[in-house]
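Below is one structure; the comments refer to it alone.
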Amino acid sequence: MLQPHTCQRARRSRDARFDGQFFTAVLTTGIYCRSICPAPSPKEENVRYYPSAAQAAQAGFRPCLRCRPDCAPNSAVWNGVDTTLSRAIALIHRGDLQDQNLPEFAERLGVGDRYLRQLFQKHLGLSPKTYALYQQCLFAKQLLHQTQLPIHQVAVASGFNSVRRFNDCFQKNLKLTPTQVRRQTNPASETIQLDLSYRPPYNWDQVQPFLAARTIEGLDACDANSYRRTFQHDGVTGSFHAIHQPTKNRFQVSIELDDLQALRPTIQRIRRLLDLDVDSEAVFATLRECLPEPFPLKQGLRIPGQWTMFEAGVRAVLGQQVTVVAAKKLVRTLIETLGETQGSQRFFPTPRAVAAADLSFLKMPQSRKNTLATLAHHYLTHPEPDQPEAWLALKGIGPWTVNYAKLRGRGDPDVFLGGDLGVKKVVQQHTPDLDPNRAAPWRSYLTMQLWSMY
DNA sequence: ACGACAGACTT
DNA sequence: AAGTACATGAAG
């Protein structure tokens with residue numbers, strides 16, 4: 001946690017660089033704000049500082065309606081914190097603690113439930129469950145603001161099983177009832193519309209061509225200022241369309257989904273696919289140390305992702321030893337042959353479909369077809385198939401494939417693809433004595449910087 | 001490792 | 001007058 005006098009100066013100057021790093025609670029109003037809040041700064045003796053919005057809420061304050069501290073980017077606080085804790089937080093943001101109890105949840109992280117509790121208490125000052133509920137309320141608040149969904153549906157989509165509990169919890173966390181938060185000004189529409197904001201800068205000019213070069217007709221599409229794609233995963237089918245609004249530092253996203261319960265994890269995946277949660281400025285500063293001045297570092301670089309780990313793995317295998325264009329052709333054939341179709345929409349094939357298929361239609365070496373089949377089979381037989389480290393045991397899958405999948409499928413921030421041909425060439429040409437370890441824990445962004453020069 | 005208790009959850 | 005939507009107390 002920052003020192004109080006640092007917080008004081010940061011909030012007086014409304015310095016955007018501190019946004020999200022701490023929250024200012026005002027005793028006289030019972031409201032907590034971001035450091036950038038446009039409201040007149042309160043007297044120092046009336047404020048308390050908290051490292052996270054959740055803690056300010058827990059102490060009885062409600063989020064400010066002007067600066068919306070509940071919307072501040074949520075990644076800054078946990079940088080450098082223990083990996084178990086950050087993994088737990090990421091899972092909670094995905095909504096995994098909603099339908100699992102704590103012991104089960106802790107087991108997935110490989111620790112006991114008591115220890116997990118202790119970790120949360122020490123770093124966040126709240127229990128995992130309390131934290132999860134707070135996140136559910138924030139999510140509900142966004143839905144109330146930006147959609148027309150009736151309260152009951154909002155409750156379900158936010159992971160509550162009874163409206164009674166929802167109302168109660170919402171009131172406790174935000175000091176307002178759901179209807180008080182609802183704005184009546186929204187136009188009615190069948191699709192869910194949400195704004196997903198990010199911490200600037202966001203280099204759309206890097207992300208856009210990267211995505212556009214890999215689009216498959218029917219599955220996804222990318223134009224000058226938007227990206228759309230279909231998805232099918234965990235029995236949920238849907239699609240989204242994200243329009244970039246650079247002046248507002250956000251994407252306007254419309255989502256179609258056949259099961260509202262999946263809304264939270266879906267949004268989480270969209271955020272990851274567009275890499276909305278990283279603190280680009282912090283990354284840039286670290287990379288600058290590793291690649292000093294004459295090197296043309298780009299601001300706001302992101303890691304464009306894929307929908308699932310399976311898709312990332314499949315694309316990595318199909319991309320072995322071939323160009324982006326050739327890989328795209330293979331992916332297209334795979335989708336056209338094995339993917340489900342709904343009207344003009346196409347879906348990425350499931351592990352089951354790939355495992356069951358005769359892959360002779362793919363124009364690539366037999367050994368690679370076998371690898372693809374093995375990967376799909378791994379998905380059908382293994383309880384936690386999304387752990388790419390375990391893929392190394394599969395024939396034909398080496399470090400490059402695993403790292404590529406980690407980078408694009410999981411959005412892992414610290415993967416250096418040193419073995420990649422493109423990366424190698426750029427390093428050789430521009431910065432032969434590069435030490436990638438100096439870019440930790442942002443080596444994935446180093447990889448993207450190098451790729452963007454290729 | 002374990003019991004007590006708070007609070008999460010349902011009706 | 002009946003029905004819908006939301007909020008909330010009580011109890012286990």
Side-chain angles (χ1 to χ4, degrees), chain A residues 25 30-32 50 52-63 65 70 74 82 84-85 87-194 257 259-265 268:
Chain A
I31 296 173
Y32 68 91
Y50 292 94
S52 72
Q55 275 160 292
Q58 200 55 26
F61 297 92
R62 77 155 169 83
L65 295 173
D70 43 323
N74 49 26
D82 191 22
T84 307
L85 184 64
R87 278 175 66 207
I89 288 168
L91 287 177
I92 288 177
H93 285 179
R94 249 174 49 179
D96 284 33
L97 198 45
Q98 287 164 20
D99 33 34
Q100 245 184 142
N101 57 32
L102 193 66
E104 282 168 358
F105 182 77
E107 201 202 349
R108 287 181 47 199
L109 294 162
V111 298
D113 57 323
R114 320 294 272 267
Y115 177 61
L116 191 66
R117 249 210 184 78
Q118 192 189 324
L119 268 182
F120 267 76
Q121 201 51 245
K122 190 169 147 208
H123 292 280
L124 296 176
L126 344 140
S127 71
K129 191 64 196 173
T130 308
Y131 183 78
L133 283 170
Y134 176 70
Q135 293 302 325
Q136 286 172 243
C137 287
L138 293 187
F139 182 67
K141 181 166 178 275
Q142 193 185 12
L143 293 183
L144 289 168
H145 273 309
Q146 299 179 1
T147 74
Q148 288 282 84
L149 295 172
I151 303 280
H152 173 81
Q153 302 239 44
V154 172
V156 170
S158 319
F160 293 90
N161 295 315
S162 76
V163 183
R164 178 71 186 83
R165 269 292 298 152
F166 169 65
N167 285 324
D168 208 44
C169 192
F170 194 90
Q171 165 83 263
K172 283 210 171 82
N173 273 298
L174 306 172
K175 316 291 161 194
L176 297 167
T177 63
T179 29
Q180 282 173 309
V181 166
R182 169 135 272 166
R183 286 221 201 104
Q184 307 301 343
T185 50
N186 285 322
S189 80
E190 338 74 63
T191 58
I192 296 161
Q193 287 235 2
L194 288 171
L257 206 58
D259 179 7
L260 272 184
Q261 284 208 31
L263 186 54
R264 246 169 93 86
Q268 199 58 40

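Residue numbers begin at 1 in each chain, while the letters A, B, ... track the order of the sequences. Reckoned from all heavy atoms, side chains included, excluding hydrogens, waters and symmetry mates.
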For a quick test of your reading: what N or O donor-acceptor pairs under 3.5 Å do the side chains of residues 53-62 of chain A make, sequence neighbours left out?
unit_1	atom_1	unit_2	atom_2	d
Q55(A)	OE1	S52(A)	OG	2.9
Q55(A)	NE2	L124(A)	O	2.8

Q. How many Å lie between CD on Q171(A) and P on dC9(B), as a whole number?
A. 17 Å
Q.
For a quick check of understanding: with a heavy-atom distance under 4.0 Å over all strands, which category does D168(A) fall into, base, sugar-phosphate or nothing?
A. nothing
(Q) Could you check whether any side-chain heavy atom of N161(A) comes within less than 4.5 Å of a side-chain heavy atom of D99(A), counting everything from C-beta outward? (A) no
Q: Give S127(A) one of three labels, base, sugar-phosphate or nothing, depending on what nucleic acid heavy atoms sit under 4.0 Å from its own.
A: nothing
Q) Rounded to the Å, how far apart are L176(A) CG and dC6(C) C1'? A) 15 Å
Q) Measuring from I192(A):CD1 to L194(A):CG, what's the distance to the nearest 0.5 Å? A) 7.0 Å
Q) Rounded to whole angstroms, how far apart are CG on D113(A) and C1' on dC2(B)? A) 12 Å
Q.
Without decimals, in angstroms, what is the distance between R117(A) CZ and dG7(B) P?
A. 11 Å
Q: Tell me whether the OP1 or OP2 atom of dA7(C) has a side-chain N or O from T179(A) closer than 4.0 Å.
A: yes
Q: Write down the distance between CZ (R164(A)) and C1' (dA10(C)), rounded to a whole number of angstrom.
A: 9 Å
Q) Who is the Watson-Crick or G-U wobble partner of dA4(B), with both distances under 3.5 Å? A) none
Q) H152(A) NE2 to dA7(C) P: how many Å, rounded? A) 14 Å
Q: Establish, yes or no, whether the cationic atom of R165(A) lies under 6.0 Å from the six-membered ring centre of F160(A) and within 45° of the ring axis.
A: no
Q | Spacing between R165(A) atom CZ and dA7(C) atom P, to the nearest angstrom | A | 15 Å
Q: Send over the distance from K172(A) NZ to dC9(B) P, rounded to a whole Å.
A: 11 Å
